[in-house]
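See structure below.
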Amino acid sequence: MTIITMVAVVLIILGLLLFRYIDTSFPDQSGSLLNTAEKLASSYRQHSGDSAFVKSANEILAAEDAGMVVLDLQSPSQENRFSFDGTVIPADEVFNPKELNAIRSGDRLKATYALPGKSDSSYLLVTVPALVKDGETLTHSLVLFQSKKSIENLQYYVKNLFVYACILGFTLTTCFAFFLITQINRPLLELKKAAENIRTGNYNRKVVIHSRDEIGELGTTFNLMADQLDHTIRDLHLEKDNLASVLRSMADAVISFDLEGRIIFLNPGGEKVLADWSRFRTYDGENGEVPQEKNVIPDPLQPLFQSVTSETREIATRLHVEKGVWYAAMTPLYSDGTVRGAVAVLRDVTDEYRAEKMKTDFVANVSHELRTPLSMLQGYSEALIDDIAGSPEERKELAQIIYDESLRMGRLVHDLLDLSRLETGHMTMHFRETEVHQLITRMQKKFAAMCRDKEIELRLEYVPNAEVSIQADEDRLEQILTNLLDNAIRHTPAGAAITLRSYPAIWKGEPAVTMEVQDEGEGIPADDLPYVFERFYKADKARKRGSSGGTGLGLAIAKNIAELHRGSIEVKSKLGTGTTFTLLVPLH
């Protein structure tokens, strides 16, 4: 369309200029007619006014709708006649008196004449001197006339010729333009379709090369680009899949943010962390507490994010979120040398933190537990060496204290070894058929004398005629019950009761047996209940420091033995009412 429009505009402009030139230049033929008249006048003089010459000249001029008349200036003007389209007109009707005087004076005259009653029949006339008598008097003047209709016909012919030429040229140009469009647009349309396929992810569409010109080179380059892009996209997808697989398989949470704190990417671990932390509420001065916004950086990471983006450096720290501890490492993300966000790697180190704290507490507790008997052993031993005891009874008393403390140290070491074997899986378990009723009956008989001495009633409860047999290590179960009963007796005042009971139960969808030790002692504070099964944890340190005090490891050992039986041990307590320890063991 551009080519056709350009050609059309050029032809229109050229036509306007040419038509204007024809309309303005063709009517002014008097100059050319005057030159012709001068030549004819010269030939007329050479032929000495021969009438045959005039006749021959008229015959030639008639082909151009022109004619020639020789005016005899010495005769009356009405005798000189013109023949226009077969109409004879006297000279005095063609020229006015002024023009006739100019002709007699030898002037070269240009004039027009229109036949009366025929507006379309007009003539252009020019006069030139023809014969001069005696070299002074003008006797004849030559008048050359031509019909304006022939000039108009010539104009019309030229215009028509130009119009036809324009139509032919425009038609040829249009055909050429459509041919050119076909030759150019076909490969361009193929390129467009191939580009659309690439946009939709199909890189196999190739452009057919029809020529070796610039468009053909463009198609070749496009095909090479598509192949290279296909390989690049495949490599990127492979790298993306590898990275996604790595991130999905990571136990750590990975979350990336833009500079405004909006979440860009997160792996499954990050989704879990975000879901857990989304329940947090922040304080707004106007609206009070408001929920954590979704898809934005969680509040616990806000200070770390601000520090990383402002200082543009990696920061690693520990975050305490509610009761959990998280290791957080955040690194800024760069784009063209400027920070565009940050990526955070979060790891739940609550267990490691507690294990580290437990290890520290364990070392401190062991040191504390050993320091007292060692100090007593050292002190009473020095008293014996220095012979401070003045009587055999006093020496015997000092020796008894040394013996009791050595037994206490032995129990502590033995419990530590048992706990270490249980936690490392090196404890050998001997599972066999165990009758629960026989076990608890034996435990009741074992502690009956001790309870009588302390004026404590020891009750035994079980379902009659419902003997339950389990697969268990009977010695280890007895160790658990011994520990629980020993604790109950030590913390139950005189006149109260301790109940040892068993009954069938369901544990995780499997048949099981429940054994309970319930006392009526002072109970355990609610804040201490979650920690009673930890090593060396003592809810009431003063209460445990008597001569019969435990090592603080019994409940930790009991928990590990219960877990080795695929069971559990739980505690319920209320201050001033008592404590109930529940041991659940599956039958198989």
Side-chain angles (χ1 to χ4, degrees), residues 369 400-401 403-405 407-408 410-412 414-415 418 434-464 468 474-503 505 513-529 531-533 536-559 561-562 569-585:
E369 293 291 336
Q400 183 66 41
I401 293 174
Y403 177 73
D404 291 339
E405 292 300 324
L407 290 178
R408 182 179 174 188
R411 288 196 304 271
L412 177 62
H414 184 268
D415 288 346
D418 281 351
T434 301
E435 299 294 336
V436 176
H437 292 176
Q438 294 179 7
L439 174 64
I440 63 173
T441 301
R442 187 168 63 251
M443 297 304 300
Q444 191 265 346
K445 293 178 180 179
K446 180 178 179 181
F447 284 90
M450 185 183 298
C451 289
R452 281 195 303 270
D453 292 342
K454 294 194 174 185
E455 300 179 357
I456 298 173
E457 181 184 0
L458 180 58
R459 302 170 183 168
L460 182 63
E461 296 180 1
Y462 58 89
V463 180
V468 179
E474 187 173 355
D475 292 337
R476 294 302 171 187
L477 290 183
E478 184 174 343
Q479 183 179 359
I480 295 176
L481 294 175
T482 299
N483 185 277
L484 296 178
L485 287 169
D486 183 68
N487 287 342
I489 292 171
R490 283 191 285 114
H491 301 308
T492 301
I498 297 175
T499 302
L500 177 61
R501 68 171 61 91
S502 71
Y503 52 88
V513 64
T514 299
M515 289 172 275
E516 289 184 352
V517 176
Q518 181 180 357
D519 65 54
E520 296 176 357
E522 60 265 32
I524 302 172
D527 293 340
D528 293 329
L529 283 177
Y531 310 105
V532 296
F533 294 103
F536 294 110
Y537 189 85
K538 298 178 182 179
D540 185 356
K541 276 71 177 178
R543 185 177 67 195
K544 294 289 185 95
R545 190 52 66 193
S547 60
S548 60
T551 62
L553 298 174
L555 291 179
I557 294 173
K559 181 181 179 182
I561 294 174
I569 185 169
E570 300 174 350
V571 60
K572 294 180 182 179
S573 183
K574 186 176 181 180
L575 281 176
T577 301
T579 303
T580 301
F581 282 91
T582 302
L583 174 63
L584 268 166
V585 180

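Predicted model only: the values in this text are computed from it and were never measured. Quick note: numbers below take in every heavy atom, side chains included, and nothing from hydrogens, waters or symmetry partners. We number each residue from 1, following the sequence as shown.
The distance from atom CG of Asp519 to atom CD1 of Ile498, rounded to the nearest 0.5 Å, is 6.0 Å. Distance check: Thr441 OG1 to Gln438 CD gives 7.5 Å after rounding to the nearest 0.5 Å. Taking CD from Glu478 and CG from Leu485, the interatomic distance works out to 10.5 Å, rounded to the nearest 0.5 Å. Atom CD1 of residue Ile524 and atom NZ of residue Lys572 lie 14.0 Å apart, to the nearest 0.5 angstrom. Leu583 CG to Ile561 CD1: the interatomic distance, rounded to the nearest 0.5 Å, is 9.5 Å. Atoms OG1 and CD, on Thr514 and Glu570 in that order, are 9.0 Å from each other to the nearest 0.5 Å.
Taking 4.5 Å as the limit, every side-chain heavy atom of Glu435 sits out of range of all side-chain heavy atoms of Arg442. Using a 4.5 Å cut-off on side-chain heavy atoms (C-beta onward), Thr499 and Glu461 make contact. In this structure the side chain of Thr580 never reaches within 4.5 angstrom of the side chain of Val517, judged on heavy atoms. A 4.5 Å side-chain heavy-atom check between Val585 and Leu477 finds at least one atom pair inside the cut-off. Using a 4.5 Å heavy-atom threshold, the side chains of Ser502 and Val468 count as separate. For the pair Gln518 and Arg501, the minimum side-chain heavy-atom distance is below 4.5 Å. Inter-residue side-chain proximity for Asn487 and Leu555 is flagged as met; some heavy-atom pair is nearer than 4.5 Å.
The pair Glu457-Arg459 counts as a salt bridge, with a side-chain nitrogen and a carboxylate oxygen less than 4.0 angstrom apart.
Gly578 and Ser573 get closest at one heavy-atom pair: O-OG, 3.2 Å. Nearest heavy atom pair, residue Pro493 against residue Gly521, reads CD-CA, 3.9 Å. Shortest non-hydrogen contact noted between Leu500 and Met443 is CD2-CB, 4.0 Å. For the residue pair Ala505 and Leu584, the shortest heavy atom distance occurs at CB-CD2, 4.0 Å. In plain terms, the two heavy atoms of Ala448 and Leu458 that are nearest each other are N-CD2, 4.1 Å. Considering all non-hydrogen atoms of both residues, Asp486 and Phe447 come closest at N-CE2, 4.3 Å.
Side-chain contact of Glu516 with Tyr503: a donor-acceptor pair under 3.5 Å is present, judged by distance alone.
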Subject >> Candidate pair Thr582 and Val571, rule side-chain contact (heavy atoms from CB on, under 4.5 Å), full reasoning >> reply: CA-CA 6 Å; Thr582 302; Val571 60; over 6 Å; no
Original post:
Run the side-chain contact (heavy atoms from CB on, under 4.5 Å) check on Thr579 and His491 step by step: do they pass?
Top reply: CA-CA 10 Å; Thr579 303; His491 301 308; over 6 Å; no
Subject >> CA sep, side-chain torsions, deciding dist, call: Leu575, Glu522, side-chain contact (heavy atoms from CB on, under 4.5 Å) >> reply: CA-CA 6 Å; Leu575 281 176; Glu522 60 265 32; 5.8 Å; no
**OP:** Please lay out, stage by stage, how Ile489 and Lys454 fare under the test side-chain contact (heavy atoms from CB on, under 4.5 Å).
**Re:** CA-CA 8 Å; Ile489 292 171; Lys454 294 194 174 185; 3.8 Å; yes
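Remark: side-chain polar atoms of Glu520 are paired, donor with acceptor, to backbone N or O of Ala497 under 3.5 angstrom.
Under the 30°/60° scheme for interplanar angles, the aromatic rings of His437 and Tyr462 are found to be tilted.
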